[in-house]
Amino acid sequence: MKYFFIATAILFCTLLSAICGDRQPQNDVAVYLDESQPLEKRVEDALSRMTLEEKVAILHAQSKFSSAGVPRLGIPEVWCTDGPHGIRPEVLWDEWEQAGWTNDSCTSFPALTCLAATWNPEMSALYGKSIGEEARYREKDILLGPGVNIYRTPLNGRNFEYMGEDPFLSARMVVPYIREVQKNGVAACVKHFALNNQEQNRLYHDVVVDDRALHEIYLPAFKAAVEEGGAWAIMGAYNKYKGQHCCHNQYLLNDILKRDWAFAGVVVSDWGGAHDTKQAAGNGLDLEFGSWTNGVDWSLDISNVYDNYFLAGPYLEMLRQGKASVKQLDDKARRVLRLIFRTAMNTRKPFGSLNSPEHLAAARRIAGEGMVLLKNDGGVLPIDLAKAKTIAVMGENAIKMMTVGGGSSSLKVRHEYTPLEGIRAAADGKAEVIYERGYVGDVTGDYNGVKTGQDLSEKRSEAQLIADAVAAARKADAVIFVGGLNKSRHQDSEQVDRLEYGLPYSQDKVIKALADTNPNLAVVIVSGNAVAMPWIDRVPAVLEAWFSGSEAGNALADVVFGAVNPSGKLPFTFPVRLEDNSAHALGEYPGTDKVTYNEGIFVGYRWHDKEQLKPLFAFGHGLSYTTFDITNVQADRTTLAANGRIRVSADVTNTGSRPGAEVVQLYIGDEESSLPRPVKELKGFQKIALDPGQTQTVTFEITPDMLQYYDDAKGAWVAEPGTFTAYVGAASDDIHGIARFELK
């Protein structure tokens, strides 16, 4: 239907031009309409036909989530959608509130922390394909995601939207997502560029970080998104860097993104992220969107004043007065036109689908593969339904919907399977499932007009809730406590950060009481962040289940009862204490006018290795219902030439009784260097599925570029000759073998 309107508009404009003699002669060939022509030729042809006013008009919003096209030329508008985990419900033209459609319920896919925890690029490709099809079906041109900001502190409320603490893992996982989304004719808009590592003070704090940490830790995933993923759009961050807001930042956008990385796509502002017309014009912003009505203020009582945006009327006036460069304007317009031709005017893209059985199956598969079995003493999990006839499920998170709330990733789904629903469905006819709440957290359930419809009100006292939970646990054969965080303010949510590292709502009391009552206790954490576990020595089994989307309950039941053998690995470190995190040990947080990253490159496991700190659970950690042995780690040579390569191999054997998958991880350490370096850094990983008794050889290829560090004094990447160690294992703290070699 959309293409019918586009074609009709083009025909009308052609006839109107012929009648009125508008700009072009009748025999002029509209190259920009011919999809057989090269993209750049079409862009230049369209640009040559546009007036100054039309060029400016396509650079800023015309509604909450759309920007204008060029009606006179039949060039359609651009429509954006949140977010990285699902297609946001339609909102009113100039409001955040939903429009009240009845056909915009989407599939909620697991949060990106869960995707990263699969350590499986194939799952990332499936995710991108599926969410891209949903965006395409909903006629969206830009998907505002994925996010690849680095996990610097476990207090960041938006960590659940990102892919963890390691730049290599994030880079490998983001590329397939982007490629598959864009096969649907939908632009992936990778965010938030850059250094958006906390929500507290995010609109105005200035990040102070050395160039080495910037290039080694905070930029690689964005670089891979551009150079390997071919992202068509990048979203600027709210915060400042080098004194300039990141949505119009000379160094980040013009010098690094557009010059060094040759990015040909569109830089989109975060909503309200632009602050100045002159800087927006000159410092790399291409497409401006706003959080309220003028791109800055959030509380004005006027609406539809998009001509007041910084890249709207004020920019046009500067151009007319000769105070802004027309060359810069044309560069911006080219980028937006390039985007439009790839998306809104692409008549060859597939049709897409929404909330299909295939998408629900994909969400369930990704969720199951991403769940991380942190601890499993005594084989408490999986629960054997032939033996456990009464199962007690505890915790508010067992019944609370998690797809609504948390900020821009809030979604409207047709149905969200809660953990209790999934467990009851799987145990139906095999075991009795009883439920006790145990604690009261957030009883609300609406966001921007989307309501869960759940009544979570509670009259019992904290003491009574715990007593009732203990009584239920006493008569159960197995106990599953489902707790963690939720999407309310100061938990896993946009705009604000967490206030504490520990679990909220007195959950520790409930867990300790249950541990004293029943030894067959499994604690399931629903979160996008690490949490403190003062009870860890008293609980035999712990599972990190993440925010798992529409199929959360079914995916959890798959793992709890053994239909899926867990194979997820942590994409970030769980410190024992908040003070064991480097941002809190050395850096500034949350800061006020500025935040200084004193820890430099020593983020996550790099800091734990350096300080020899034992984590609660290490980066890369994750257990299985079977066991694996990684042996015979060796390199095929002991020296590496400047243009050569070394192959490091290891044998992996499933030594248990179940089929399962192991993630074999390669880390590399520089034994001596001019600048301080981490003990080891992730440089490769492979996920392999093995039957019981099966052995497979895994091989990693090491090249000199993998050994480089960024020398900020030289402004260049350097690989120094010397001795390096390749570490192969199952986690950053679980190394099974090493191989040393020399870089010549």
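Just so you know, these numbers come straight off a predicted model, no measurement behind them. In this chain, residues are counted from 1 in sequence order.
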Other residues, nucleotides, ligands: >12 heavy atoms within 6.0 Å of [X] [atom1]:
X: Arg365; atom1: CZ; result: no
X: Lys512; atom1: NZ; result: yes
X: Lys687; atom1: NZ; result: yes
X: Phe602; atom1: CZ; result: yes
X: Glu611; atom1: CD; result: yes

Would you name the heavy atoms of [X] and [Y] that are closest together and state the gap between them?
X: Asp492; Y: Phe547; answer: OD2-CE1, 3.1 Å
X: Leu556; Y: Ala545; answer: CD1-CB, 4.3 Å
X: Val663; Y: Ser567; answer: CG2-O, 4.1 Å
X: Gly368; Y: Val564; answer: O-CG1, 4.0 Å
X: Gly438; Y: Val510; answer: O-CG2, 3.3 Å

Exercise. Between Phe193 and Phe222, how do the two ring planes meet: parallel, tilted or perpendicular, split at 30° and 60°?
Worked result: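 Ring orientation of Phe193 relative to Phe222: perpendicular.
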Problem set entry | Plane angle bin for Phe160 and His85 - parallel if under 30°, tilted between 30 and 60°, otherwise perpendicular |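 Correct class here is tilted.
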Would you say [X] and [Y] make side-chain contact, with heavy atoms under 4.5 Å?
X: Gln665; Y: Val728; value: no
X: Val413; Y: Thr107; value: no
X: Arg212; Y: Ile601; value: yes
X: Phe574; Y: Pro615; value: no
X: Met163; Y: Val174; value: yes
X: Ile511; Y: Arg538; value: no
X: Met173; Y: Trp119; value: no
X: Met533; Y: Leu374; value: yes

Exercise. Would Arg172 and Glu228 count as a salt bridge (charged side-chain N to carboxylate O under 4.0 Å, His left out) if you check the C-alpha gap in whole Å, the side-chain angles of each, and the deciding distance to 0.1 Å?
Worked result: CA-CA 10 Å; Arg172 292 308 94 218; Glu228 299 175 55; 2.9 Å; yes
For this session: Any chance you could measure Glu671, atom CD, to Arg677, atom CZ, to the nearest 0.5 Å?
Result: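 Interatomic distance, Glu671 CD to Arg677 CZ, rounded to 0.5 Å: 11.0 Å.
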For this session: To the nearest 0.5 Å, tell me how far Lys680 NZ sits from Arg606 CZ.
Result: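 It comes to 10.5 Å.
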Exercise. Would Trp535 and Asp508 count as having a side-chain donor-acceptor pair, cut-off 3.5 Å?
Worked result: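 The answer is yes; a qualifying pair exists.
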Using the benzene-type ring in the case of Trp, are the ring centres of [X] and [Y] under 6.0 Å apart?
X: Tyr597; Y: Tyr218; result: yes
X: Tyr667; Y: Tyr727; result: no
X: Phe617; Y: Phe619; result: no

For this session: Go through Ser527 and Glu544 one step at a time and tell me if the side chain to side chain contact (heavy atoms under 4.5 Å, CB included) criterion holds.
Result: CA-CA 8 Å; Ser527 75; Glu544 173 58 68; 3.2 Å; yes
Exercise. Given the rule in the side chain to side chain contact (heavy atoms under 4.5 Å, CB included) test, do Thr113 and Tyr151 qualify, once you have shown the distances and angles that lead to the verdict?
Worked result: CA-CA 10 Å; Thr113 44; Tyr151 188 111; 5.8 Å; no
Problem set entry | Donor-acceptor contact below 3.5 Å, side chain Lys610 vs main chain Pro678 |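 Side chain of Lys610 to backbone of Pro678, a donor-acceptor pair under 3.5 Å: no, none is there.
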For this session: Please check if the side chain of Asp580 supplies one atom and the backbone of Pro575 the other of a donor-acceptor pair under 3.5 Å.
Result: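 Checking the backbone N and O of Pro575 against the side chain of Asp580, no donor-acceptor pair under 3.5 Å is found.
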For this session: With sequence neighbours excluded, give me every salt bridge (Lys or Arg N to Asp or Glu O under 4.0 Å) pair touching residues 648-664.
Result: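 Output for this query lists Lys569-Glu662.
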For this session: Show the numbers, then the answer: is there a side chain to side chain contact (heavy atoms under 4.5 Å, CB included) between Glu494 and Arg202?
Result: CA-CA 10 Å; Glu494 188 180 357; Arg202 66 176 182 169; 3.0 Å; yes
Exercise. For Lys400 and Glu396, what are the C-alpha separation, side-chain angles and deciding distance, and is it a salt bridge (charged side-chain N to carboxylate O under 4.0 Å, His left out)?
Worked result: CA-CA 6 Å; Lys400 182 176 176 61; Glu396 182 177 279; 5.1 Å; no
Exercise. Side chain to side chain contact (heavy atoms under 4.5 Å, CB included) with Pro590: which residues, sequence neighbours excluded?
Worked result: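 Pro590: side chain to side chain contact (heavy atoms under 4.5 Å, CB included) contacts with Gln198, Gln200, Asn201.
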For this session: Run the salt-bridge test on Glu599 and Arg152 with the 4.0 Å N-O cut-off and return the result as yes or no.
Result: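 Answer for the salt bridge query: yes.
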